[in-house]
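Here the structure is laid out as structure tokens; the discussion comes afterwards.
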Amino acid sequence: MTITETEEHRPAEGDAAGPTPIKITVRRSRTDVAYRRIAWTAAASTFVILVLIGVFLYIRARPAFEYMGYWGFLKTQVWNVSGVHPSFGVGSALLGTLILAMISLVVAVPVSIACALFINEYAPRKILGFFPAKGLLTSMVDLMAAIPSVIYGLWGFFVLQNSMKGLSRWLSDYFGFIPGFKVNTPVYTSSLLIAGTLVGIMIMPIITALCREVFSLTPLGEREGAVALGASRARVIRDVVFPFSKGGMIGAIMLGLGRALGEAIAVSIIISLTFGPPNHLLQPGGNSIPALIADRFGSGGKLGAAGLLAAGLVLFFITLIVNLVAANIVRRQEKKRA
Amino acid sequence: MSVLDEAPTSQSPLEPDQAEDTSPQRKPIKVRDFKPSDVLLLAVTAIAAYSIVWIIFDQLTLFSGEFGFVVTWIVVFLGMYWFINLQIYGRHMAVDRLLGGIVTIGAMCMILPLVLLIVYIFSKGLPLLSLNRFTQTQAGVGPLSPISAGGFLHAIVGTLEQVALAAIMGIPIAILTAIFLNEIGGRISSSVRIVVTAMSGTPAILAGVFIYSIWVLTVHDYSGFAASLALAILLLPTVTRGTEEVLRIVHNDLREASAALGAPDWRTVWSVVLPTARSGLVTSILLGVAVSIGETAPLIMTVFGAQVMNTNPFHNPQAALPLVVYQEIKLPQKSAVALGYTASLVLFILVFTIFVLARILGSTWLQNTLRGRGKGKGARLDGDVEEELFSVALAPAMSFGSGEADVDLGYHYRPDQEDPT
């Protein structure tokens, strides 16, 4: 089976003037053909699911779009789905989602990259000869990725929220001149900052694992060359690891961003939904599309449900674009290595 | 590489300054050495930085807050550590140690939330955990019930049914997709890989919204089956990536031997590749299950939640463990919050157990596979390499990785080990 594949692909890569490759044909048995078709269908089903998500969300969300208009739905900052004159849109939720994602990236990216560097470059394999620092840390990072978001939300609501009050107060006292940092009433809980930090903690393991993988793909020869020239670990990181893995790091961060954009449960536990322009980061209230869907689901009748599905469609397109770009970057990085 | 451009300057350790060169018995700097005296230096610097920050914080000014204290301490410590190493060892060593300090603190910041979270979940959930949580449902539990009233048997039943159904539907497709990607390949394989990676990042709530729009709105019935459809979508990319990594480790010799004996492709996969990869497959499946068992967002719009037992996953709302946590924790009643805490503890233990099981299975499998394959090549395989290979091979599956982490056996770069020469 391998022979056919390589021979078929070679002419595209090879020299045009060179000898023409022999074309080998393979006759496959009927069961083999069936096996290949089944596997192909399974692989193609991932496409189908992705397309179906978009199509069905659009079909079910059409009443909302027809009522509000496409642009109106994106722009409107209120969510009144019941009553005589319903008016709703994802204006504030969209902005809130982006702000949340930005905060979470600010929290997650430095920690993740540092942790990935620690695991890959600095961590001793065994501390004192028996403590497997590197393996344990890797396992813990992976475990963090597996912990359910509802447990993160629970912890964030009862623990992180209290320990971040001081930081919020300090930020509002000394940086109140920055728009969004001013606090009118001295309540510092349930804010976008806290929710963003929590989401940041949640995406840290994903970015770390991906960055670690990218760092470990650094070509050995160039590393050894740098070490042979007398470079320290810091120098190797700066001059070999980082230049090589720049693309992969961006891909990893973008995959983290995709996750941050779509986090519903933890955010909806922390923030109390408010509508209108999201102009404060440290005060209670804020909005995000996934939290809106999780929070408002089951209320507002048919139009409300259509509105939530429309919000889901908006979220779907945003995360799809981010994730596709990220996946492409990561893949290109891998090809570069080969 | 810029190292090549910059290295031969007068500051390089290869060509030291003339002034330093006067002493003939000058020893080379070994950046990776960390002697007991360095440990002492580290400790002394940390204590000194702590003292300085304590004076600034508590004595001179009226700053307050533990958070600010720790941050200032870290910054002062890093600065002092850099300066002291600069004085003792020189520029290269100082920068290296400074970066070492920064990344170590980064790793600590990473682990700190995990530790705090585990401590919190256990300290809150364990005292409230009692046997009746596993034998009762929430039926008849009202606002005035005592704190220990009620249980989540109905939620455990619901979660197990939903995840089992999701696994039955999702895993065959995932494994077939991985087989396609790794064993067959073809024009669409690279785009399938990209789509699978992108799908692994699709928000969990969108899977729920999708199933709501395609299934629940069509049949007008919330059910455990709808939830399992959503969970299957979420499970699919995780298991696909994990399986693909596992299949890649299966050595090509085995496939070629099978083909040489005249086996058709499907027979090679069925009788050679999959049995070789068995435990690895189980690992990637378990990791997928561990992730999907804790998903909450898609459950809201598919099973809807219930207070009483419903053992039929195909009809009427069901309860689920994550959903119990989500719905009970914000309620004002003490009994509801207690139920939420215990449910979250049970959920955590469930996920943790599956995770550890997967890891143990996976690493044992990897050891066996690699030992069998490494013999002829004289590859050196100690536990460390296996650990690393394991993390290279299976970590991406967990963390929606980019995959493609090719495992190279013959020669492994180990940055933390001195060259023996």
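Here is the naming used below: chain letters follow the sequence lines, and residue numbers restart at 1 for every chain.
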Notebook entry, point to check: In Å, rounded to the nearest 0.5 Å, how long is the span from NZ of A/Lys302 to CG of B/Leu217?
Noted result: 9.0 Å

Note to self: Quick check for you: to the nearest 0.5 Å, what is the distance between B/Thr268 atom OG1 and A/Tyr35 atom OH?
What the structure shows: 8.0 Å

Note to self: Checking B/Arg97 against A/Ser232 for the side chain to side chain donor-acceptor pair (under 3.5 Å) test, could you report, in this order, the C-alpha distance in whole Å, the side-chain angles of both residues, the deciding distance, and whether it holds?
What the structure shows: CA-CA 10 Å; B/Arg97 291 264 165 96; A/Ser232 62; over 6 Å; no

Next item on the list: Check the pair B/Ile205, A/Leu315 against side chain to side chain contact (heavy atoms under 4.5 Å, CB included), reporting the backbone distance first and the verdict last.
Entry: CA-CA 10 Å; B/Ile205 196 158; A/Leu315 179 67; 4.1 Å; yes

Margin query: With rounding to the nearest 0.5 angstrom, report the OG1 to CD1 distance, A/Thr46 to B/Ile194.
Written below: 11.5 Å

Check: Is the B/Tyr212-A/Phe56 ring centre distance short of 6.0 angstrom?
Finding: no

Next item on the list: Can you label the angle between the A/Phe158 ring and the B/Tyr120 ring as parallel, tilted or perpendicular, going by 30° and 60°?
Entry: parallel

Note to self: Out of the candidates A/Leu320, A/Leu50, A/Ile49, only one should pair with B/Val195 under the side-chain contact (heavy atoms from CB on, under 4.5 Å) rule; please name it.
What the structure shows: A/Leu50

Next item on the list: For B/Trp266, check ring pair (Phe, Tyr, Trp, His ring centres under 6.0 Å) against everything at least two apart and list the hits.
Entry: none

Notebook entry, point to check: Salt-bridged, A/Asp32 to B/Arg267, with N to O below 4.0 Å?
Noted result: no

Check: Given that the side chain runs from C-beta out, which part of A/Ala294 has a heavy atom under 4.5 Å from chain B: side chain, backbone, both or neither?
Finding: both

Next item on the list: Check the pair A/Tyr122, B/Leu99 against side chain to side chain contact (heavy atoms under 4.5 Å, CB included), reporting the backbone distance first and the verdict last.
Entry: CA-CA 9 Å; A/Tyr122 274 88; B/Leu99 192 64; 3.6 Å; yes

Check: Can you tell which of B/Thr177, B/Ile105, B/Ile175 has the highest number of heavy-atom pairs within less than 4.5 Å of chain A?
Finding: B/Thr177

Check: Between B/Phe210 and A/Phe316, is the gap from one ring center to the other below 6.0 Å?
Finding: no

